[in-house]
Number of protein chains: 2
Amino acid sequence: MESKIALAQLSALAQENRLALFRLLIRAGQDGLPAGEIAAALGVPPNTLSAQLTLLSNAGLIEGTRQGRSIIYKAQFDAISGLIVFLMEDCCQGRSEICAPVLEAAQSRCC
Amino acid sequence: MESKIALAQLSALAQENRLALFRLLIRAGQDGLPAGEIAAALGVPPNTLSAQLTLLSNAGLIEGTRQGRSIIYKAQFDAISGLIVFLMEDCCQGRSEICAPVLEAAQSRCC
DNA sequence: TCCATATTTCCACAATATTGGAATTATGGA
DNA sequence: TCCATAATTCCAATATTGTGGAAATATGGA
């Protein structure tokens, strides 16, 4: 992954509202949520939410598709996977005993 | 993990210099690097670097220990592991086929 | 004690990001 | 065509962050 993309993703997540928004979509899973429901859930005015959705979307972390009058946003799980790999890149120079436990711990505590 | 800590970690990583700095320490592994060498490697004046080290350190992503006149900074691998878990929290409501591949992909591409 | 090296703290200027009001675009139904 | 709903774009005020100069602190050696 390019450094610029990772930076955009980290910047997008590095804000209270957007982090909450992203995690809401992670929890919503593959069904996603319409922008209006997200705004209601987070208590954010629609134009502000729109700016936040755009940032996360430009970073590739979420994707919106129109469905009637609503736009349904979904978390992009691949993007998170790529970001994790980027952060751990060249972490061990072959000595995988250093970095393997990091991802193993994450895996065992997830789901 | 508390949301505040995750936010501090993401904010700390969401900046070009600090992201490069963190990844440098990830690559340096458990030996770490003295602040001076980091400054030289990144081409950043020492006082600016110090502010960046402080931010990453306060977020728990790195840790510095004095050794003679130098302070050796090391990446905290546990912190990254915790951040990954936080981002994926409640990702699948039991339907682990959604989120398991994310971490598996990360694991297979790392090391 | 004095000096050189390593790093940090203090501070203020410049750059960047966040927010929401008002207006705009898009869709579907009557 | 007209209206209501859903979401976005434009813009400017406000808030936050990043940067480096100058001074300060900490360590080790002569």
Side-chain angles (χ1 to χ4, degrees), chain A residues 3-25 28 31-76, chain B residues 3-25 28 31-76:
Chain A
S3 179
K4 269 191 187 174
I5 297 173
L7 194 57
Q9 293 179 339
L10 290 164
S11 301
L13 293 172
Q15 205 261 348
E16 204 172 355
N17 280 313
R18 288 194 303 262
L19 182 56
L21 158 37
F22 178 74
R23 300 212 319 143
L24 183 66
L25 289 181
D31 299 337
L33 284 174
E37 267 186 55
I38 299 170
L42 300 179
V44 170
N47 56 348
T48 300
L49 180 79
S50 188
Q52 298 173 335
L53 287 167
T54 299
L55 246 158
L56 285 162
S57 184
N58 285 341
L61 287 167
I62 66 174
E63 204 183 279
T65 49
R66 184 173 280 278
Q67 203 167 293
R69 270 182 284 203
S70 299
I71 296 179
I72 311 290
Y73 284 92
K74 298 178 195 179
Q76 297 298 102
Chain B
S3 180
K4 270 191 186 175
I5 297 174
L7 193 57
Q9 293 178 339
L10 289 164
S11 301
L13 292 172
Q15 205 260 348
E16 204 172 355
N17 281 312
R18 289 194 303 261
L19 182 56
L21 157 37
F22 178 74
R23 300 212 320 142
L24 183 66
L25 289 181
D31 298 337
L33 284 173
E37 268 186 54
I38 299 171
L42 300 179
V44 169
N47 57 348
T48 300
L49 180 79
S50 188
Q52 297 172 337
L53 287 167
T54 300
L55 245 157
L56 285 163
S57 185
N58 285 342
L61 288 167
I62 66 175
E63 204 183 279
T65 49
R66 184 173 280 277
Q67 202 167 292
R69 270 182 285 203
S70 299
I71 296 178
I72 311 291
Y73 283 92
K74 298 178 195 178
Q76 297 298 102

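Because the structure is predicted, anything quoted here is derived from the model rather than measured. Note: hydrogens, waters and symmetry copies are ignored here, and every other heavy atom, side chains too, is used. Chain letters run A, B, ... following the sequence lines, proteins first, then strands; residues in each count from 1.
Looking at which nucleotide of DNA chain C each of Arg18(A) and Thr48(B) is closest to, the 5′-most match is held by Thr48(B). Of the two residues near DNA chain C, Ser11(A) and Gln67(A), the one whose nearest nucleotide lies more 5' is Ser11(A).
Side-chain N/O atoms of Ser70(B) include one lying less than 4.0 angstrom from OP1 or OP2 on dT7(C). Of the side-chain N and O atoms in Tyr73(A), none sit less than 4.0 angstrom from OP1 or OP2 of dA6(D). For the pair Gln52(B) and dT17(D), the criterion of a side-chain N or O lying under 4.0 Å from OP1 or OP2 is not met.
Within 4.0 Å of Ile38(B), counting heavy atoms only, lies no atom of the nucleic acid at all.
In this structure, Ile71(A) atom CD1 and dT27(C) atom C1' are separated by 10 Å, rounded to whole Å. Per the geometry, CG belonging to Leu56(A) stands 16 Å off P belonging to dA7(D), to the nearest Å. Leu10(A) has its CG atom 16 Å from the C1' atom of dA17(C), to the nearest Å.
Taking all atoms of both residues into account, the shortest heavy-atom contact from Val44(A) to Gln52(A) is CG1-OE1, 4.1 Å. The two residues Ile5(B) and Ala59(B) have their closest heavy-atom pair at CG2-O, 4.4 Å.
Taking only side-chain atoms of Pro46(B), from C-beta outward, the nucleotide of dT7(C), dA22(D), dT9(D) with the closest atom is dT7(C).
At a cut-off of 3.5 angstrom, counting only N and O atoms as typed in the model, there is no donor on one side facing an acceptor on the other between the side-chain of Asn17(B) and the base of dG18(D).
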